[in-house]
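Order of the sequence lines sets the chain letters (A, B, ...), proteins ahead of strands, with each chain counted from 1.
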2 protein chains.
Amino acid sequence: MKNILRALRTERGWSQAELADRLDVSRQSVNAIETGKYDPSLPLAFSIARLFGRGIEDIFDDGLDTATAAE
Amino acid sequence: MKNILRALRTERGWSQAELADRLDVSRQSVNAIETGKYDPSLPLAFSIARLFGRGIEDIFDDGLDTATAAE
DNA sequence: TTGACATGTCAAGCAGGCTTTACAAAAGAT
DNA sequence: ATCTTTTGTAAAGCCTGCTTGACATGTCAA
């Protein structure tokens with residue numbers, strides 16, 4: 001699962017530690033998610049989306065088709 | 001974390017087994033998510049949202065404020 | 001009443017998400 | 001050159017997500 005967490009974080013000038021603090025998780029968790037080692041749990045994905053004011057699908061991408069109705 | 005999975009499923013007349021099949025998970029997983037025993041992983045949440053043509057946030061609700069800008 | 005299906009739940013086991021502690025290396029500031 | 005910050009990574013351990021197999025209950029049809 002890809003994500004733009006690093007971009008959102010650096011846009012704001014935050015370190016991984018600072019982001020981890022705001023999300024109430026460990027710095028290693030932030031690093032692991034940014035480097036694609038694993039996906040966050042659904043609750044953590046909600047926290048991330050809320051912090052950045054975006055939808056979960058705007059931040060994470062599982063690569064499969066969204067199957068939008070073909071007009 | 002609350003969700004409206006059961007409503008979405010029964011709207012379509014599907015059994016838990018039928019939904020499990022479409023999501024490629026076990027029937028017990030569907031049941032556990034519907035009955036609130038645990039939250040799905042993020043990838044599974046994506047599959048569910050895709051199957052029902054909705055955003056993850058439309059189906060799951062972690063109960064915390066969405067912090068929409070106060071106009 | 002029997003059989004089929006739907007749901008709920010339990011147990012054991014494996015994989016994944018997250019923690020703490022710790023260390024190495026790169027970059028910046030002075 | 002040294003100090004500080006940032007990032008990456010590793011190991012051990014805990015809890016959660018998901019699996020299979022199994023069993024109990026309820027409903028519906030025949």
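Note on A/Ser26: a side-chain N or O is less than 4.0 Å away from OP1 or OP2 of C/dT19. The side chain of A/Arg6 contributes an N or O atom lying less than 4.0 Å from OP1 or OP2 of D/dG8. Within the structure, a side-chain polar atom (N or O) of B/Arg9 is placed less than 4.0 Å from OP1 or OP2 of C/dT7. For A/Ser41 and C/dC18, the shortest distance from a side-chain N or O to OP1 or OP2 is below 4.0 Å.
Base engagement by B/Ser29 is indicated by at least one non-hydrogen atom pair under 4.0 Å involving a base atom. Using a 4.0 Å heavy-atom criterion, one finds that A/Ser15 contacts the sugar-phosphate atoms exclusively.
Remark: C1' of D/dT5 and CG of A/Asp21 are 15 Å apart, rounded to the nearest angstrom. Look at NZ on A/Lys37: it is 15 Å from P on D/dT7, rounded to the nearest Å. A straight line from CD1 of B/Ile33 to P of C/dG8 spans 13 Å, rounded to a whole angstrom. When the P atom of C/dT9 is taken as reference, atom CD of B/Glu34 falls 12 Å away, rounded to whole Å. Here the P atom of nucleotide D/dG17 and the CG atom of A/Leu42 are 9 Å apart, to the nearest Å. The CZ-C1' distance, from A/Arg27 to C/dC23, rounds to 11 Å in whole Å. A straight line from CG of B/Asp24 to C1' of D/dT20 spans 15 Å, rounded to a whole angstrom. A straight line from CG of B/Asn3 to P of D/dG17 spans 12 Å, rounded to a whole angstrom.
B/Ser15 places a side-chain N or O within 3.5 Å of a backbone atom of B/Glu18 that can act as its donor or acceptor partner.
Ranking D/dC18, C/dT9, C/dT19 by closeness to the B/Gln28 side chain, first place goes to C/dT9.
Salt-bridge annotation for A/Asp62 and B/Arg50: present, with a side-chain N of the basic residue lying under 4.0 Å from a carboxylate O of the acidic one. With respect to A/Arg9 and A/Glu34, a salt bridge is recorded, a charged nitrogen being found less than 4.0 Å from a carboxylate O.
In this structure, A/Ala49 and B/Glu57 approach most closely via the heavy-atom pair CB-OE2, 4.1 Å.
Of the two residues near DNA chain C, A/Tyr38 and B/Asn31, the one whose nearest nucleotide lies more 5' is B/Asn31. Between A/Leu44 and B/Gln16, the residue anchored closer to the 5' end of DNA chain C is B/Gln16, taking for each the nucleotide with the nearest heavy atom.
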Intermediate values then yes/no, side chain to side chain contact (heavy atoms under 4.5 Å, CB included), B/Tyr38 and B/Ile33: CA-CA 6 Å; B/Tyr38 56 70; B/Ile33 293 166; 4.2 Å; yes

